[in-house]
Amino acid sequence: MISTDRLFAFTAAALLVIVIPGPSVLFVVGRALAHGRRTALATIAGNVLGTYLVIVAVALGVGSVVERSAALFLTVKLVGAAYLVYLGVQAFRHRGDMAVSAMDTVGGRAARSDLRTVAEGFVVGVTNPKTIVFFAAVLPQFVDRTAGNVPVQMLVLGLVPVCIGLITDTVWGLGATAARGWFARSERRLSLVGGAGGAAMVGLGVTVAVTGRAD
């Protein structure tokens, strides 16, 4: 149904976009630094689900409506940005709890609700402007409309960037978690990295809000 040439071409396009760190990568890194590996992995899982929901929306024609409507696109972007700022402020406010979180992680206990963390990653994934634009504007170009089953082709092609993103985000998350291990040796350092992670998420939210499409 999908030719090899189209599949390889779309994979190359997806790689070019994904290798440039965007809101999702920076969010995962911030969560890894603030809460550790378990939270980072749960965040990635939620982000993947949110990203694929965007693909489903595009396949059903909803994504193109969002991308073409300046007001709707701006609303989605600002919702995502506000949520990032909120999570960043929360992380900064609770930076003093980092030592307890680290001990919970080392002891194998969940420092945070996994379901809540997945939900947070989901919201960021589904409101990521970079994701919306890429799938709404690029994905349809690699579909062979003469072959039929256009929505199915989009859903299958969409698995490619999702898998690539899953791998790269995991690498980023585990790398940040490894760096967090050094900070965990000192409560002061751990508190500082928690504050830095929160500040990074706030900065990311502001960046998302003021950049991108303006029309």
Side-chain angles (χ1 to χ4, degrees), residues 2 7 10-60 62-64 66-67 76-77 79-84 86-88 91 105 110-140 142-143 151-178 180 197 200-201 204-205 208 212:
I2 300 174
L7 181 60
F10 182 67
T11 300
L15 275 170
L16 287 175
V17 173
I18 294 173
V19 294
I20 301 173
S24 294
V25 169
L26 298 179
F27 181 63
V28 168
V29 170
R31 300 303 264 176
L33 289 175
H35 300 288
R37 182 177 61 186
R38 187 182 183 114
T39 295
L41 294 178
T43 297
I44 292 168
N47 189 264
V48 166
L49 292 174
T51 299
Y52 200 71
L53 181 60
V54 174
I55 296 170
V56 173
V58 170
L60 297 178
V62 178
S64 60
V66 175
E67 197 275 334
V76 172
K77 183 175 76 168
V79 167
Y83 193 63
L84 285 169
Y86 166 76
L87 292 177
T105 301
R112 295 168 52 82
S113 165
D114 289 340
L115 185 59
R116 174 187 167 189
T117 302
V118 169
E120 290 172 347
F122 176 84
V123 172
V124 173
V126 82
T127 59
N128 184 349
K130 178 181 174 182
T131 298
I132 296 172
V133 171
F134 176 75
F135 289 122
V138 178
L139 179 57
F142 292 88
V143 172
V152 175
Q153 289 187 60
M154 288 187 179
L155 292 175
V156 173
L157 283 172
L159 291 173
V160 173
V162 165
C163 290
I164 295 173
L166 176 62
I167 294 171
T168 56
D169 284 357
T170 300
V171 171
W172 280 105
L174 293 180
T177 301
R180 182 178 184 267
M201 279 187 280
L204 174 60
V208 168

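Note that these values count all heavy atoms, side chains included, but never hydrogens, waters or copies made by symmetry.
- Nearest heavy atom pair, residue Val54 against residue Phe135, reads CG1-CD1, 4.1 Å.
- Across Val143 and Met154, no two heavy atoms sit closer than the pair CG2-CG, 3.6 Å.
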Verdict with supporting geometry, Thr11 and Ile164, side-chain contact (heavy atoms from CB on, under 4.5 Å): CA-CA 9 Å; Thr11 300; Ile164 295 173; 4.2 Å; yes
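- The nearest pair of heavy atoms linking Thr177 to Gly36 is OG1-C, 3.9 Å.
- The side-chain contact (heavy atoms from CB on, under 4.5 Å) with Asn47 is formed by just one residue from the set Val118, Val124, Val126; it is Val124.
- Shortest non-hydrogen contact noted between Asp169 and Val28 is O-CG1, 3.8 Å.
- The distance from the CG atom of Leu174 to the CD1 atom of Ile44 is 6.5 Å, given to the nearest 0.5 Å.
- In plain terms, the two heavy atoms of Ala40 and Ala32 that are nearest each other are CB-CB, 3.7 Å.
- Taking OG1 of Thr117 as the reference point, atom CZ of Phe122 lies at 15.0 Å (rounded to 0.5 Å).
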Candidate pair Arg38 and Asp114, rule side-chain contact (heavy atoms from CB on, under 4.5 Å), full reasoning: CA-CA 8 Å; Arg38 187 182 183 114; Asp114 289 340; 2.7 Å; yes
Leu159/Leu155 under side-chain contact (heavy atoms from CB on, under 4.5 Å): CA gap, chis, key distance, verdict: CA-CA 7 Å; Leu159 291 173; Leu155 292 175; over 6 Å; no
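- Taking each heavy atom of Phe142 and Ala13 in turn, the nearest pair found is CZ-CB, 4.2 Å.
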